[in-house]
Amino acid sequence: MVVLGDNSIITREPRNIQALLATQFDDFSVGAARHAEFGPILGEAIFTLDGPGWEYSRALLRPQFTRSQLTQLQNLEEHLQVMMDCIIEGEATDLQSLFFDLTLDSGTDFLCGESCNALNRRRSSSGKIQQENGDSSDASFANAFATSQKHILYRILLGDLARFWNPQESQDANKFCHNWVDEYVQKALRGSKASERSETGSQDNKSSKYIFLEAIVKETRDPVFIRDSLLNILLAARDTTASLLGWVFYSLVRHPDVEERLRKVILENFGPENEIDSKPITFESLKNCQYLRLILDETLRLYPPVPFNMRMAVRDTTLPVGGGTEQKQPIFISKGQRISYDIYSMHRREDIWGSDANWFRPERWGEKRDKGNFGHFEYLPFNGGPRICIGQQFALTEASYTIVRMFQRFRRFEIAEASEWTKLNLSLTLAVGGKGCNVKCYRN
Ligand code: HEM
């Protein structure tokens, strides 16, 4: 396709995507484009780098995710309580916007050890409950982060001209976010130095909680690299997980049969909220809740939070399919060529998923399917190959926990808008568009 003179190749062919991401990994990079678009806020870390810089960053960050599992749920519960308090029974509520605040609060808390309290402010501004510990600087972090993300989007839309876009508003927002995170980084660096000096290594309450930042300062003391890493992870984790949750509830209220079956499964597996026979919600019990997993898989198929992506050829090469008169032969790709791969569209191909490819039907994941020779690259919500998402398990756990707790708290969800059309909001992720995910929640 030629857009404004720019030659672009777009594919939704699993074999091509497998080559881009895995079997010909060294022929492609995320390229200078990603750096130009995200660099002003994210700097140099896992998401923006290629080559040895990316390898170093990934090797350092990845192990932290398995170490963090235990406290992830405690951290999340704290913020979920605030979120559920924001829901007024029987009133139409955009659940998606609550999920965006939830993942921002739990993300900042998990990464820096302190939340930016977006939900607390929302709860207090509704006049329901007084503000607890949010202050004005915290409020600004959420706003500044949103502004920084808006300008990333503008740079993406500008394509090759991205590097020329950095207006004052963007610079101010980026600076605010950097300063906000820097404060925690400096605190952690000072703290870890003090604990290195301390021979007793006394434990206080806080040290029993897993804080990503505290773990990272044990590995490196470069303050800019640490700050960039935290912002890279926050950006990768926050909107994606919130969008997934928005789409889950969007789909459930439109499929009462699925909602009812899920409710039954959740109550059997975990029991009602705060009752004697409720069972602990653990990492393992969430993982074993099969039907919940089918719903997540189906939602990620129809509404992948990262619906398309791009790579750039670092040398002359080929992709397996698309050349020749019937487009079944390999196709030549010249050095510097951009290739977009379209996950949204691949996830809806009828030749792969069947004639009901556009329907929300979680049960399909329990059925046998002819996988052809797609090499598992026909389903890619989390990417594949060496750059596969490092937060996949983290995200599935967070989403599962949130869904279970919402079902325990509310006995009924009701659709709160009439439109038959599904509106998409495509910014950095694919979220529910229009007025969001409007739902009425009932405790009885
Ligand atoms: C439903 C939620 C999520 C989805 C759908 C998702 C999807 C993705 C995708 C498609 C990529 C590949 C981007 C690329 O290479 O161009 C990616 C990378 C990444 N994700 Fe996720 N993600 C989710 C949640 C998370 C969470 C919760 C975290 C961290 C806590 C996270 C951290 C990362 C990081 C650091 C990368 C960069 C990996 C690399 O380049 O080596 N993600 N994610």
Side-chain angles (χ1 to χ4, degrees), residues 17 20-22 25 28-31 33-35 37-38 42 44-69 72 75-76 99-100 102-104 106-112 156 210 212-213 215-216 228-248 293 295-297 299-312 338-344 346-347 377 379-403 428-431:
I17 299 176
L20 281 173
L21 301 181
F25 181 74
F28 300 95
S29 70
V30 299
R34 165 106 34 113
H35 196 267
E37 291 153 4
F38 290 78
L42 295 191
E44 317 258 314
I46 185 164
F47 200 71
T48 51
L49 293 178
D50 282 300
W54 162 74
E55 270 171 37
Y56 170 75
S57 191
R58 189 166 169 108
L60 196 100
L61 299 178
R62 195 167 184 210
Q64 303 306 335
F65 286 90
T66 35
R67 287 176 203 146
S68 64
Q69 276 163 13
Q72 185 194 355
N75 168 12
L76 184 59
F99 295 142
F100 269 77
L102 172 72
T103 51
L104 185 63
S106 64
T108 44
D109 195 3
F110 168 77
L111 292 167
C112 301
I156 292 175
Y210 178 92
F212 199 89
L213 175 53
I216 291 292
D228 289 351
S229 299
L230 294 179
L231 284 170
N232 274 243
I233 293 172
L234 187 61
L235 189 109
R238 188 264 183 129
D239 291 21
T240 46
T241 312
S243 300
L244 167 61
L245 279 164
W247 284 115
V248 166
R293 184 59 203 261
I295 288 171
L296 289 172
D297 286 346
T299 308
L300 287 164
R301 184 183 71 81
L302 279 176
Y303 307 107
V306 184
F308 64 83
N309 211 325
M310 207 169 65
R311 291 295 189 257
M312 186 184 276
R338 283 191 199 174
I339 295 133
S340 303
Y341 54 101
D342 188 336
I343 301 297
Y344 181 91
M346 178 173 75
H347 282 183
F377 276 74
Y379 180 65
L380 279 189
F382 293 101
N383 227 42
R387 279 193 102 125
I388 194 169
C389 173
I390 57 174
Q392 173 169 352
Q393 204 47 58
F394 192 96
L396 293 173
T397 305
E398 183 148 342
S400 303
Y401 189 86
T402 304
I403 296 165
L428 291 186
T429 55
L430 178 73

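Scope of the values below: all heavy atoms of this structure, side chains included, with no hydrogens, waters or symmetry mates. Remember, it's 1-based here, ligands and their atoms both numbered in the order they're listed. In this text, all values refer to a predicted model and were calculated from it rather than measured experimentally.
- Under the 4.5 Å side-chain criterion, counting only non-hydrogen atoms from C-beta, Thr429 is not in contact with Leu244.
- For Phe308, the CZ atom sits in a loose shell: 12 or fewer heavy atoms of surrounding residues, nucleotides or ligands are nearer than 6.0 Å.
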List, pair by pair, the atoms of ligand 1 and of the protein that are both N or O and lie under 3.5 Å apart, giving the separation rounded to 0.1 Å.
unit_1: ligand 1; atom_1: 15 (O); unit_2: Arg311; atom_2: NH2; d: 2.8
unit_1: ligand 1; atom_1: 15 (O); unit_2: Asn383; atom_2: ND2; d: 3.3
unit_1: ligand 1; atom_1: 16 (O); unit_2: Arg34; atom_2: NH2; d: 2.5
unit_1: ligand 1; atom_1: 16 (O); unit_2: Asn309; atom_2: OD1; d: 3.3
unit_1: ligand 1; atom_1: 16 (O); unit_2: Asn309; atom_2: ND2; d: 2.8
unit_1: ligand 1; atom_1: 16 (O); unit_2: Arg311; atom_2: NH1; d: 3.1
unit_1: ligand 1; atom_1: 40 (O); unit_2: Arg387; atom_2: NE; d: 2.9
unit_1: ligand 1; atom_1: 40 (O); unit_2: Arg387; atom_2: NH2; d: 3.3
unit_1: ligand 1; atom_1: 41 (O); unit_2: Trp54; atom_2: NE1; d: 2.8
unit_1: ligand 1; atom_1: 41 (O); unit_2: Arg58; atom_2: NH1; d: 2.7

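- Under 4.0 Å is where a charged nitrogen must lie from a carboxylate oxygen, and between Asp297 and Arg293 at least one such pair does.
- Ile403 is not listed as a side-chain neighbour of Ile295, based on a closest heavy-atom distance of 4.5 Å or more.
- For Thr240 (side chain) and Ala237 (main-chain N/O), a donor-acceptor pair under 3.5 Å exists by modelled atom type.
- Figure legend: cation-pi geometry between Arg34 and Phe47, with NZ or CZ positioned under 6.0 Å from the six-membered ring centre and within 45° of its axis.
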